[in-house]
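For reference, the structure is listed below as structure tokens.
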Amino acid sequence: MLPLLALAALSAITTPVTAAADADPAAAIGALMRDYDGQVPGASVLVLRDGSPLLSRGYGLADLEAGTAATPATNYRLASVTKQFTAAAILLLAEDDRLSLDDPVRRWLPSLPAAADAVTLRQLLSHTSGLVDYEDHIPGGFEGQLYDADVLRILEGQDRTYFAPGSAYRYSNSGYALLALVVGEASGSDFATFLHERIFVPLGMRDTVAHQDGVDEVAHRAYGHSLVDGHWTRTDQSQTSAVLGDGGIYSSIDDLARWDAALYDARLLSDKSRALMFAPATTTSETDVAHYGFGWRLQDDRTWHSGESIGFRNVIVRWPGERLTVVVLSNRDAPEPYRLALEIARLFQAPAP
């Protein structure tokens with residue numbers, strides 16, 4: 001039980017928000033977002049029901065140095081929210097009969113060591129491959145940024161897995177970096193081009209890009225920041241920020257509204273593929289993640305995924321039965337916005353019976 005002082009403090013925070021929600025949900029969301037507003041790294045927030053925006057707006061700044069405001073068109077590095085697009089690319093190629101979900105990964109990436117013999121694409125999608133985390137094995141003295149191909153080279157030297165493939169769950173950025181390379185091999189293109197041609201352009205996601213420095217530009221770009229010694233400091237890129245398959249897409253809430261709409265019908269993925277994406281592929285022991293599908297966390301009546309990388313914290317949460325979606329994209333290291341998204345959603349959900 002909370003101490004009385006803590007209960008009083010909590011009441012002071014929540015009562016005005018609840019009161020504002022009764023009169024104006026936008027005002028209530030504004031109260032929830034007050035720490036993101038002003039001359040600080042900000043956020044863009046989207047609330048959709050039945051494909052229509054109930055709220056779409058930015059708070060604070062996308063770029064502190066330039067003083068650029070965050071808007072619905074601001075593009076943030078999605079980090080692991082990217083994984084649902086990587087999964088969709090693999091499902092599209094399966095629909096094209098260019099690959100099978102049960103293909104051994106070594107069919108496409110034969111340089112992987114023997115320990116990966118039993119690993120399938122399905123296991124990579126569901127984080128059940130047991131592949132080691134590439135982040136823990138970056139060569140000493142490596143300078144610059146890693147790319148997906150560098151992840152493959154790191155894993156070529158790791159002839160072991162954490163567990164027998166398919167026998168357990170362990171969240172794996174390694175697996176999704178390899179999936180991006182498989183997309184390139186199976187499509188005869190490259191991952192970024194495939195996403196552009198097969199997902200972003202067909203859905204009208206005009207400014208969304210799997211970003212490659214020196215190859216493309218990110219329109220309306222947000223720059224990541226961290227709070228260091230009480231001051232916001234630009235921390236936009238890390239050594240792993242250029243790996244595309246596990247986290248390299250930049251997008252906006254404007255474009256993610258189009259992505260969300262495509263998850264309800266067959267305009268992009270077939271009914272079968274969408275069912276596979278959201279079906280429980282494995283159980284997990286993570287908080288609020290009863291199961292993992294393909295690029296999506298599954299919990300009770302909602303599907304969701306967060307994205308965390310240096311300078312960015314993002315989340316998309318969907319309640320398909322209510323046709324309700326909340327997206328929060330932010331260009332700051334903290335806080336993690338999943339609980340915030342749930343609070344925003346409660347403003348639009350019917351009270352529990």
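- Between Q145 and S241 the shortest heavy-atom distance is NE2-CB, 3.6 Å.
- Residues meeting the side-chain contact (heavy atoms from CB on, under 4.5 Å) test with T208, sequence neighbours left out: F200, M205, I249, S251, D255.
- Here the closest non-hydrogen pair linking G58 and P72 is N-CD, 4.1 Å.
- Between R153 and D150, at least one side-chain N (NZ, or NE/NH1/NH2) sits under 4.0 Å from a carboxylate O, which counts as a salt bridge.
- Hydrophobic clustering, with ILVMFWY side chains joined whenever heavy atoms are under 4.5 angstrom apart, keeps W319 apart from L298.
- A single hydrophobic cluster is not seen to contain both F312 and L340; linkage of ILVMFWY side chains at heavy-atom distances under 4.5 Å, directly or through other members, places them apart.
- In the model, Y76 has no side-chain atom that pairs as donor or acceptor with a side-chain atom of N314 under 3.5 Å.
- I316 and I29 fall into different hydrophobic clusters, where Ile, Leu, Val, Met, Phe, Trp and Tyr residues are linked whenever their side-chain heavy atoms come under 4.5 Å apart, directly or through other members.
- Counting only distance, with no hydrogens or angles, the side chain of R274 and the backbone of L269 share a donor-acceptor pair below 3.5 Å.
- Shown here are the ring pair (Phe, Tyr, Trp, His ring centres under 6.0 Å) partners of F278, two or more places apart in sequence or in another chain: W296.
- Connection of V243 to Y171 is established within a shared hydrophobic cluster, with ILVMFWY side chains joined at heavy-atom distances below 4.5 Å, either directly or through further cluster members.
- In terms of modelled atom types and a separation under 3.5 Å, the side chain of S44 and the main chain of T71 share a donor-acceptor contact.
- Using a 4.0 Å cut-off between charged nitrogen and carboxylate oxygen, D260 and R318 count as a salt-bridge pair.
- D207 pairs by the salt bridge (Lys or Arg N to Asp or Glu O under 4.0 Å) definition with nothing, not counting sequence neighbours.
- No path of Ile, Leu, Val, Met, Phe, Trp and Tyr side chains, each step under 4.5 Å between heavy atoms, connects L93 with V201, placing them in separate hydrophobic clusters.
- Using a 4.5 Å heavy-atom cutoff, the side chains of S306 and Y338 are not in contact.
- Residues satisfying the side-chain contact (heavy atoms from CB on, under 4.5 Å) test with T193, not counting sequence neighbours, are S189, D190, E197.
- Scanning for salt bridge (Lys or Arg N to Asp or Glu O under 4.0 Å) contacts around D50 gives R323, with sequence neighbours left out.
- A 4.5 Å side-chain heavy-atom check between T235 and Y223 finds every atom pair outside the cut-off.
- In this structure, T74 contributes its side chain and A222 its backbone to no donor-acceptor pair below 3.5 Å.
- In this structure, T284 contributes its side chain and V289 its backbone to a donor-acceptor pair below 3.5 Å.
- Partner of F294 under the side-chain contact (heavy atoms from CB on, under 4.5 Å) criterion, out of L121, L124, L101, I90: L101 alone.
- With no hydrogens or angles considered, a side-chain donor-acceptor pair links H305 and Y292 at under 3.5 Å.
- The shortest distance between side-chain heavy atoms of P165 and T120 does not fall below 4.5 Å.
- Scored by the salt bridge (Lys or Arg N to Asp or Glu O under 4.0 Å) test, R106 finds D117 as partners (sequence neighbours excluded).
- Between D236 and R77, no side-chain nitrogen of the basic residue sits less than 4.0 Å from a carboxylate oxygen of the acidic one, so the salt-bridge criterion is not met.
- Using a 4.0 Å cut-off between charged side-chain N and carboxylate O, R170 and D133 make a salt bridge.
- The salt bridge (Lys or Arg N to Asp or Glu O under 4.0 Å) search around D96 returns R198, not counting sequence neighbours.
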Step-by-step side-chain hydrogen bond (donor to acceptor under 3.5 Å, both in side chains) determination, E286 to Y169: CA-CA 10 Å; E286 296 177 357; Y169 169 89; 3.1 Å; yes
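- Side-chain contact of D63 with T68: a donor-acceptor pair under 3.5 Å is absent, judged by distance alone.
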Which donor-acceptor pairs under 3.5 Å do the side chains of residues 179-186 make with protein atoms, sequence neighbours left out?
none

Quick one: side chains of residues 135-142, donor-acceptor pairs under 3.5 Å with protein atoms, not counting sequence neighbours, listed by atom name and distance.
| unit_1 | atom_1 | unit_2 | atom_2 | d |
| --- | --- | --- | --- | --- |
| E135 | OE2 | N173 | ND2 | 2.8 |
| H137 | NE2 | R160 | NH2 | 3.4 |

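- In this structure, V40 belongs to a hydrophobic cluster whose other members, linked by side-chain heavy atoms under 4.5 Å apart, are L61, L64, L227, W232.
- Taking H211 as the reference, Y250 meet the ring pair (Phe, Tyr, Trp, His ring centres under 6.0 Å) condition, with sequence neighbours excluded.
- A side-chain donor-acceptor contact under 3.5 Å links R49 to the backbone of F348.
- Side-chain contact, Q212 with Y147: no donor N or O sits under 3.5 Å from an acceptor N or O.
- For H225, there are no ring pair (Phe, Tyr, Trp, His ring centres under 6.0 Å) partners at least two apart in sequence or on another chain.
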